[in-house]
Amino acid sequence: ARSVGGRSPSRPISVTTWRCPSIRAANCVVRGFVINRFNGGTPFSGNGIRIVAAGNAIIEGNYIGTDINGTTALSNGAGVTMEGPSNSNTVGGTVATARNVISGNGVGIRMLVGSAGRNDQSVIAGNYIGTDATGSVALGNGSGVVLTDTATLTTIGGSTFGSRNVISGNHGNNIGLRALELTVSGVVIQGNFLGTDVTGATPLGGIHGVDIDTSGVTTRFVVGTGIGGTTAGARNIISGNSEVGIRLSFDLSNATHIQGNYIGTDVTGSHSVANGGGISLEADPTANTIGGSVSGARNIISGNTSFGIVMGFHSSGGSNVVQGNFIGTDVTGTNKLGNGGTGVGVVIQPINPSDVQIRENVIANNGGTGVNVTTNCLGCRGSGLVISNNQIGTDLTGQIDMGNGLDGFDTELKFNSPLHVKHLQTLVDLQKDKTFDYSGRTNEAERRFQQRPRRRLRPRQLDDRHSRQRQAGPAQHRDEDRH
């Protein structure tokens with residue numbers, strides 16, 4: 001292996017050069033450097049370390065984007081850039097001496113498709129990305145880790161303690177996955193602290209903890225992402241982010257498994273370290289699973305400022321499952337740790353989604369409705385929407401009252417399209433002159449259209465009527481009176 005560096009990684013050496021370290025051969029090691037101020041004069045145009053079409057590189061024990069103490073930002077355009085085909089590279093490691101501090105840059109780590117191919121099977125583990133060298137103070141990059149058009153089977157973190165990245169304090173997303181030209185598949189995000197300090201108890205921030213975005217893409221997917229897992233070591237703490245803990249957006253964000261994470265709580269699952277919201281599935285992501293049928297898959301989605309989970313469908317999204325989670329309670333399922341808004345919200349837009357399942361969750365102590373289903377069109381019906389076997393408004397045992405702030409379950413119909421708004425305005429105008437009068441919320445039928453006044457008869461008409469009644473006799477008289 002080719003090695004660069006020569007002092008202990010715990011005491012990095014500082015190098016001044018006009019060109020950043022660029023790796024173009026296999027089996028290289030960069031260890032023990034302070035690398036800063038490669039910015040090319042414009043944001044994102046320089047790299048602290050650049051790996052181009054090379055494999056099996058090891059980047060460990062460096063301060064990238066900071067001073068020699070790891071406490072002051074001295075920005076590179078990007079901390080570490082991997083351009084494909086660059087396979088099986090490792091940034092960091094599982095021991096403390098392998099840890100990189102990658103902070104203060106335009107972006108911490110980015111993986112890009114290269115002219116000759118993509119990045120596969122790389123590992124990012126054990127680093128501080130967006131904090132100082134102690135892991136307790138924010139020293140943010142523009143974004144933490146960004147994977148674009150690449151990263152098949154890439155792992156961020158791992159299930160062992162030493163694999164944990166602290167990716168927090170960044171000014172954009174802490175982790176972002178984006179497909180533009182190639183499908184991103186099989187990314188594993190495990191065991192990280194995303195938005196908190198190294199203790200998992202203090203918020204350092206970020207916009208989204210994990211953001212998977214396929215907006216503007218027609219043929220490329222982000223598919224098969226695993227966030228968390230069913231063992232304690234695989235659990236991510238995704239808390240302290242200003243917007244959403246996990247966001248999946250658009251219909252090519254598919255087959256994501258979100259399992260075993262604490263989202264909005266501290267590392268114990270007992271105290272709030274709020275995100276703006278918990279998990280958001282926006283604009284039709286399909287075939288995603290939040291939780292699962294085994295206890296290890298349970299997410300604790302609690303303590304967030306607004307919603308726990310929200311799912312919005314504009315066209316064809318569906319086959320999403322929310323199962324076995326605690327939403328609004330602590331890790332025991334018996335103590336209150338509510339989200340500020342709705343526990344689980346499903347918003348159905350003009351075309352019908354299918355097969356959305358919300359089952360076997362504890363949904364309690366949230367500030368809004370436990371489960372809210374909203375549609376804004378008359379033709380929407382959301383076929384296959386199943387809500388079953390949940391504890392809504394009680395603890396895990398079903399014995400302790402832990403009611404949500406509004407209803408346990410609520411269905412709401414909204415009208416937002418111009419045609420619907422015009423129709424409703426017409427009804428309002430008719431009501432003003434009492435041509436039409438809306439009234440009541442019961443099942444009783446009540447005629448509310450204005451009736452014409454009965455015609456008053458003149459005196460001669462009354463005399464003629466009485467004369468005919470006398471001639472007809474008593475029986476016909478009674479029948480006519482009834483008319």
Q.
Pair Thr265, Thr268 - check side chain to side chain contact (heavy atoms under 4.5 Å, CB included), show working.
A. CA-CA 8 Å; Thr265 80; Thr268 70; over 6 Å; no
Drop me the distance from [X]'s [atom1] to [Y]'s [atom2], to the nearest 0.5 angstrom.
X	Y	atom1	atom2	value
Met402	Thr397	CE	OG1	9.5 Å
His271	Ser302	NE2	OG	13.0 Å
Asn87	Asn56	CG	CG	8.5 Å
Ile227	His257	CD1	NE2	11.5 Å
Asn127	Ile109	CG	CD1	5.5 Å
Ser88	Asn27	OG	CG	10.0 Å

For [X] against [Y], the heavy-atom pair lying closest together:
X	Y	answer
Ala57	Ile23	CB-CD1, 4.4 Å
Phe193	Gly200	CE1-N, 3.5 Å
Val30	Ile49	CG1-CD1, 3.9 Å
Leu204	Asp197	CD1-CA, 3.6 Å
Ser122	Ser86	OG-O, 3.9 Å
Asn304	Ala274	CA-CB, 4.1 Å

Would you mind reporting whether [Y] and [X] have side-chain heavy atoms less than 4.5 Å apart?
X	Y	answer
Ile212	Thr256	yes
Ile309	Ile301	yes
Thr202	Val273	no
Val123	Thr154	no
Met311	Val344	yes
Val198	Tyr128	yes
Arg24	Arg50	yes
Asn62	Val34	no

Q: With sequence neighbours left out, write down each residue that passes side-chain hydrogen bond (donor to acceptor under 3.5 Å, both in side chains) with Ser136, or none if nothing qualifies.
A: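 If we apply the side-chain hydrogen bond (donor to acceptor under 3.5 Å, both in side chains) test to Ser136, skipping adjacent residues, the hits are Thr134.
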Examine the side chains of [X] and [Y] and answer whether a donor and an acceptor come within less than 3.5 Å of each other.
X	Y	answer
Thr71	Asn69	no
Asn372	Thr342	no
Thr81	Arg110	yes
Asn241	Asn174	yes
Asn236	Asn192	yes

Please answer whether the main-chain N or O of [Y] pairs with a side-chain N or O of [X] as donor and acceptor at a distance below 3.5 Å.
X	Y	value
Ser168	Thr196	yes
Ser185	Val223	no
Ser75	Gly65	no
Asp211	Asn173	no
Asn47	Ala78	no
Thr131	Leu139	no
Asp330	Gly333	yes
Asp67	Ala73	no
Asn404	Gly368	no
Asn389	Glu360	no

Q) Going through the distances and angles, do Leu385 and Val373 end up as a side chain to side chain contact (heavy atoms under 4.5 Å, CB included)? A) CA-CA 10 Å; Leu385 176 61; Val373 179; 3.8 Å; yes
Q. Would Arg235 and Val267 satisfy side chain to side chain contact (heavy atoms under 4.5 Å, CB included), going step by step from the backbone distance to the final call?
A. CA-CA 9 Å; Arg235 177 184 305 130; Val267 69; over 6 Å; no
Q: Begin with the C-alpha distance, continue with both residues' side-chain angles, and end with the deciding distance and a verdict on side-chain hydrogen bond (donor to acceptor under 3.5 Å, both in side chains) for Thr334 and Asp395.
A: CA-CA 5 Å; Thr334 59; Asp395 74 335; 5.4 Å; no
Q: Using the side-chain contact (heavy atoms from CB on, under 4.5 Å) rule, pick out the option among Val362, Leu396, Ile300 that qualifies with Thr329.
A: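 Exactly one candidate clears the test, Val362.
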Q: Would you mind telling me which of Ile129, Ile175, Thr155 makes a side-chain contact (heavy atoms from CB on, under 4.5 Å) with Ile124?
A: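 That would be Ile129.
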Q.
Does Asn390 form a side chain to side chain contact (heavy atoms under 4.5 Å, CB included) with Val371? I'd like the steps, not just the answer.
A. CA-CA 10 Å; Asn390 300 284; Val371 179; 5.7 Å; no
Q) When you look at Asn105 and Asn76, which way does the side-chain hydrogen bond (donor to acceptor under 3.5 Å, both in side chains) test go after all the steps? A) CA-CA 5 Å; Asn105 303 287; Asn76 302 293; 3.0 Å; yes
